[in-house]
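To keep things clear, I will list the structure first and then write my remarks on it.
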Amino acid sequence: MGCWRSLWVILLIYLFAFSGARELKVKHEDYSQIYNHTLATVLVQYASAVYMSDLTALFTWTCSRCDGMTEGFEIIELIVDVQHCLQAFVGVAHDLNAIVIAFRGTQEHSIQNWIEDLFWKQLDLNYPGMPDAMVHWGFYNAYHNTTVRSGILDAVQSVKMIYGDMDIMVTGHSMGGAMASFCALDLVVNYGARIAQLMTFGQPRIGNAVFASYFNKHVPRTVRITNEHDIVPHLPPYYTRFPQKTYHHFPREVWLYKIGLGSLVYSVEKVCDGSGEDPTCSRSVAGNSIVDHLQYFGVELQADTWSSCRIVMDNTMIERHTDDNGNFVMLKHPTILKVQAEMDANCSSI
C-alpha cells in the first residue's frame, strides 16, 4: 500500500511541475452569430408577459411582468382570439430597434391534457407550396385560420408606416412557440420581411424533416431553447426509423441544463448541431418534466391563473375592435402613433 501511495505522490508532482510549462488548449467554437444569451433573457420576458390576463395592464405595459429588461416597450396591437383561446401582441422595442411579436402558449384548464394529446398526434396537413412537407394541423391553423394572423399583419404594417422599416423578432413559449414559427415563416415567404431573430422556448415539433429543411432555408436566424427534461420539445414523438414520416425539429437548438453535485452546480447553455435533432442535447435525456417546461432562465412561463381564457380589462380605455365571435383587437390609433413618433423625434433633436 505504501508503494502505491509513493507512486501517486510522484505522479502528482510530475503533473504539477509540467502543467505550467505546457498550456492545455481547448477548442472553442464561436456561436455568437447563432445564439446571444442576453437577447434570450430579454425575449423570454416578452414570452412571459404575453400570458398576462389583465389586458389593460398588458396593453399599457404596466403589468407585473412588464419591467426589467423590457421596460419602455410599446405595444401597438394586442390580439385576443376568445373563440380559440389565443393571445398575441405586436410592439416596438426601441432599445432593440425592432418589432417584437409574442405569442401566448396553451391556456388549457390542464396542461397535462394538452401534453397527452400531443403524444398521439400524427402529421395531418400538407404544407402549401412545398411538396412532401407536412405539419401539425392544430398549430398551423391556430396561426393561419384565426383572427391572430390578420391582427399581426395589420400591426406590422402600422409600425412600419410610422417608424419605417425595422427588423422583426418573434417569440413564444410552448404552443406559442409553434405559432411564432409559422408566423416568422409566413412573414418571410409571403411578405419578404426581415426576421432578425426567431427565438422560442419549450416548443413542440411542428412538421416533418422536409418541412424542417424548408423552414431552415427561409428562417435561418432561429433558436429553439429547451430546458433540462422539459417534456414538450419531445412531442409529438420523433421516430428514428422513419425520419421522413415523423415529426422533426428544425435547427438550431440551445439546451439549458445543469452539471455538478450539491452546492457545486453550474448552468450550461449548449448550442447544438444543425440537424435539429442533436442526440447529445435534449434528446439525450428523458422528456418527463412539466416543471422544467414552465420556467426558463428563472422566468415563469405560464398564466397567472389557469382558468380558461380569463380576461381582465378596463372597457373605457383604448380603441377596441370586436368581431361577431367576441374576438377583439386592442390597438393604438395610427394618428396617435404618428404624433407620438413626431414628439419623440423632436425631443431627441433638442
key: Pairs where residues 257-304 contributes a residue and the test disulfide bond (SG atoms under 2.5 Å apart) is met, not counting sequence neighbours   =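 Sorted result for residues 257-304: C272-C281.
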query = So which of N288, D292, L294 actually passes side chain to side chain contact (heavy atoms under 4.5 Å, CB included) with I290?
reply =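 Only match with I290 under side chain to side chain contact (heavy atoms under 4.5 Å, CB included): L294.
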Going by atom type alone, with no hydrogens or angles, which donor-acceptor pairs under 3.5 Å involve a side-chain atom of residues 117-135 and a protein atom two or more places apart or on another chain?
from	atom 1	to	atom 2	distance (Å)
K121	NZ	D124	OD2	3.2
D124	OD1	W137	N	2.6

So, [X] side chain and [Y] main chain: donor-acceptor pair closer than 3.5 Å or not?
| X | Y | result |
| --- | --- | --- |
| D278 | D273 | yes |
| R104 | V50 | no |
| N208 | F211 | yes |
| E253 | S282 | yes |

inquiry  = For R149, give me all partners under salt bridge (charged side-chain N to carboxylate O under 4.0 Å, His left out), at least two apart in sequence or on another chain.
reply    =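 Expected list: D186.
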key: ring-ring contact (aromatic ring centres under 6.0 Å, His included) partner of F89, the single match among F73, F59, Y51   =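 One option only clears the test, and that one is F73.
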key: N36 side, atom CG; R221 side, atom CZ - distance, nearest 0.5 Å   =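 One gets 9.5 Å once the value is rounded to the nearest 0.5 Å.
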task = Output, in order, the C-alpha distance, side-chain angles, deciding distance and verdict of side chain to side chain contact (heavy atoms under 4.5 Å, CB included) for I225 and F297.
result = CA-CA 10 Å; I225 300 183; F297 297 106; 4.0 Å; yes
key: Validation row, ring centre H173 to ring centre H293 under 6.0 Å   =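 Yes, ring centres under 6.0 Å apart.
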